[in-house]
Amino acid sequence: MPELAEVEYFRKRWDPGLRRRIRAVAVHGEKRLFRGSDPAELARVLKGATYLDSATRGKQMTLRFSKGGWLGIHLGMSGHLHVEPPDFEPGRHDHLVLFQADRALVLTDPRMFGRVRFHAGKQAPAWWSEGPPGVDSAEFTLAYLREKLARRRAPIKAVVLDQRLFPGVGNWMADEILWRARLNPHLHAADLGAAQTRALHRETRFVCRVAMKTIGVDWSDPPKGWLIHVRWKAGGHCPRDRTPLARETIGGRTTAWCPKCQR
């Protein structure tokens, strides 16, 4: 499932359509991708509207249009945005297409684990304005993190995957953060000491910031020496001390860590 940097990358793929008018809308409104939304209203409002701007927050993106249109997209496991020629013919998996004079902005999702939301109004909808602070925001402070961790008795790996606290952080990123912070994924969040909490806060912001500058910009790989390059390799070793990596399911997700530097 895309994490915050991958979501940022796909958000930018519709940038060629910015400040251009939507001539027509094609939507598979009967699909569960649109649960809780009104596809007919979406098509009515967006036809003739101008694509103004977009932003990401965690694993969700919002795209704003004139006429008060707010389009929210969660990519799920297989969703992606792409741009096609203006005479594009939607296929069975192309669930939303915004046609412009020079292009078509397409949302494709074969497995339909994602979600499309829509709101018409001057104010941002609750599904966008409410929610936890982004891990790269000024509100994600050390004090905020310390307060939240103190209430959690779950393994830190499961907590870092909790979108209510670490929005946009997924499995590979969680392993990367814990490896850099030298935290064993089994540690209970509430048991972290002051130095461990500082390390977790520092490395969370670092990993997310670098991922946004590489993956989020042009799908580049993270820097050499990161755990991601070896975490799934058979016989993979810790990039720091060459210790064979351990693997186990923690918090419902396969986890890789170094038994030596993450004791």
Side-chain angles (χ1 to χ4, degrees), residues 1-10 58-59 75-78 80 111 113 134-136 140 142 145-146 148-149 152-263:
M1 181 176 293
E3 304 182 28
L4 81 171
E6 289 91 344
V7 174
E8 174 70 2
Y9 169 79
F10 282 116
K59 295 186 179 183
L75 296 173
M77 295 185 69
S78 60
H80 62 281
R111 302 182 68 182
F113 288 133
V135 294
D136 57 341
F140 191 83
L142 178 59
L145 181 59
R146 185 183 296 117
K148 296 297 183 180
L149 294 180
R152 307 296 296 272
R153 297 301 308 176
I156 189 61
K157 170 62 185 285
V159 173
V160 175
L161 288 173
D162 189 338
Q163 299 302 293
R164 296 169 296 180
L165 182 53
F166 293 84
V169 174
N171 200 29
W172 80 260
M173 195 172 284
D175 283 356
E176 196 74 48
I177 291 167
L178 296 180
W179 175 73
R180 294 188 63 88
R182 297 176 181 264
L183 296 175
N184 187 285
H186 293 92
L187 287 171
H188 279 189
D191 293 336
L192 296 186
Q196 292 173 315
T197 304
R198 284 196 302 272
L200 178 63
H201 180 263
R202 179 183 67 249
E203 300 305 336
T204 296
R205 291 174 68 86
F206 174 80
V207 169
C208 292
R209 184 170 64 250
V210 175
M212 292 286 278
K213 289 182 178 179
T214 53
I215 299 171
V217 172
D218 58 9
W219 208 253
S220 298
D221 288 335
K224 293 181 179 179
W226 279 35
L227 184 70
I228 188 175
H229 299 296
V230 296
R231 67 189 294 266
W232 300 129
K233 289 183 178 179
H237 291 73
C238 172
R240 269 195 296 256
D241 56 33
R242 305 302 301 164
T243 300
L245 295 176
R247 292 182 178 83
E248 184 180 335
T249 300
I250 303 174
R253 301 300 299 276
T254 301
T255 303
W257 76 97
C258 174
K260 182 176 180 180
C261 61
Q262 292 174 260
R263 292 180 179 175

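Every heavy atom of this structure was used, including side-chain atoms; hydrogens, water molecules and symmetry mates were not.
Judged by distance alone, with hydrogens and angles left aside, the side-chain atoms of Gln163 form a donor-acceptor pair with the main-chain N or O of Val169 at under 3.5 Å. A side-chain donor-acceptor contact under 3.5 Å links Glu176 to the backbone of Ile228. No donor-acceptor distance shorter than 3.5 angstrom exists from the side chain of Glu6 to the backbone of Gly216, with no hydrogens or angles considered.
Trp226 has its side chain within reach of Val207: a pair of non-hydrogen atoms, C-beta onward, lies under 4.5 Å apart. Side chains of Leu145 and Phe166 form a contact here, defined as non-hydrogen atoms less than 4.5 Å apart. Residues Cys258 and Leu245 form a side-chain contact, since some pair of their non-hydrogen atoms from C-beta on lies under 4.5 Å apart. Residues Leu4 and Met173 are in side-chain contact: their nearest non-hydrogen atoms beyond the backbone lie under 4.5 Å apart.
Interatomic distance, CG of Leu200 versus CZ of Arg146, reported as 11.5 Å (0.5 Å rounding).
Partners of Trp219 by ring-ring contact (aromatic ring centres under 6.0 Å, His included), not counting sequence neighbours, listed by chain and number: Tyr9, Phe10. Applying the side chain to side chain donor-acceptor pair (under 3.5 Å) rule to Arg182 yields no partners; only residues at least two apart in sequence or on another chain are considered. The salt bridge (charged side-chain N to carboxylate O under 4.0 Å, His left out) check on Arg205 picks up nothing, with sequence neighbours excluded. With sequence neighbours excluded, the residues satisfying side chain to side chain donor-acceptor pair (under 3.5 Å) with Arg231 are Asp175. For Glu8, the side chain to side chain contact (heavy atoms under 4.5 Å, CB included) test picks out Arg11, Lys12, Thr56, Met212, with sequence neighbours left out. The side chain to side chain donor-acceptor pair (under 3.5 Å) check on Thr254 picks up nothing, with sequence neighbours excluded. The salt bridge (charged side-chain N to carboxylate O under 4.0 Å, His left out) search around Arg263 returns none, not counting sequence neighbours. Thr255 meets the side chain to side chain donor-acceptor pair (under 3.5 Å) test with Lys157; sequence neighbours excluded. For the ring-ring contact (aromatic ring centres under 6.0 Å, His included) test, residues two or more places apart in sequence or in another chain that qualify with His186 are Trp257. Taking Asp136 as the reference, nothing meets the salt bridge (charged side-chain N to carboxylate O under 4.0 Å, His left out) condition, with sequence neighbours excluded.
Identified under the side-chain hydrogen bond (donor to acceptor under 3.5 Å, both in side chains) test for residues 237-247, with sequence neighbours left out: Asp241-Thr243. Residue pairs that meet the ring pair (Phe, Tyr, Trp, His ring centres under 6.0 Å) test with at least one member in residues 188-212, sequence neighbours left out, are Phe140-His201.
Across every non-hydrogen atom of Ile215 and Ser220, the tightest pair is CG1-O, 3.2 Å. In terms of heavy-atom proximity, Ala5 sits nearest to Ala211 at CB-O, 3.4 Å. Closest approach of Leu227 and Ala256 over heavy atoms only: CD2-O, 4.0 Å. Pairing each heavy atom of Thr214 with each of Pro222, the nearest pair is OG1-CA, 4.3 Å. Between Ala158 and Gly251, the shortest heavy-atom distance links the atoms CB-CA, 3.9 Å. The two residues Pro185 and Pro155 come nearest to each other via the heavy atoms O-CB, 3.5 Å.
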Exercise for review: Could you check Leu75 against Lys59 for side chain to side chain contact (heavy atoms under 4.5 Å, CB included), going step by step and ending with a plain yes or no?
Suggested key: CA-CA 8 Å; Leu75 296 173; Lys59 295 186 179 183; over 6 Å; no
Review point. Between Leu187 and Gln196, is a side chain to side chain contact (heavy atoms under 4.5 Å, CB included) present by the stated rule, with each step listed?
Key: CA-CA 11 Å; Leu187 287 171; Gln196 292 173 315; 3.9 Å; yes
Exercise for review: Give the intermediate values and the outcome of side chain to side chain contact (heavy atoms under 4.5 Å, CB included) for residues Leu165 and Leu149.
Suggested key: CA-CA 9 Å; Leu165 182 53; Leu149 294 180; 4.1 Å; yes
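Shown here is Arg153, whose CZ atom has more than 12 heavy atoms of other residues, nucleotides or ligands within 6.0 Å.
Tested against Leu183 for a side-chain contact (heavy atoms from CB on, under 4.5 Å), the candidates Thr197, Ile177, Leu178 yield a single pass: Leu178.
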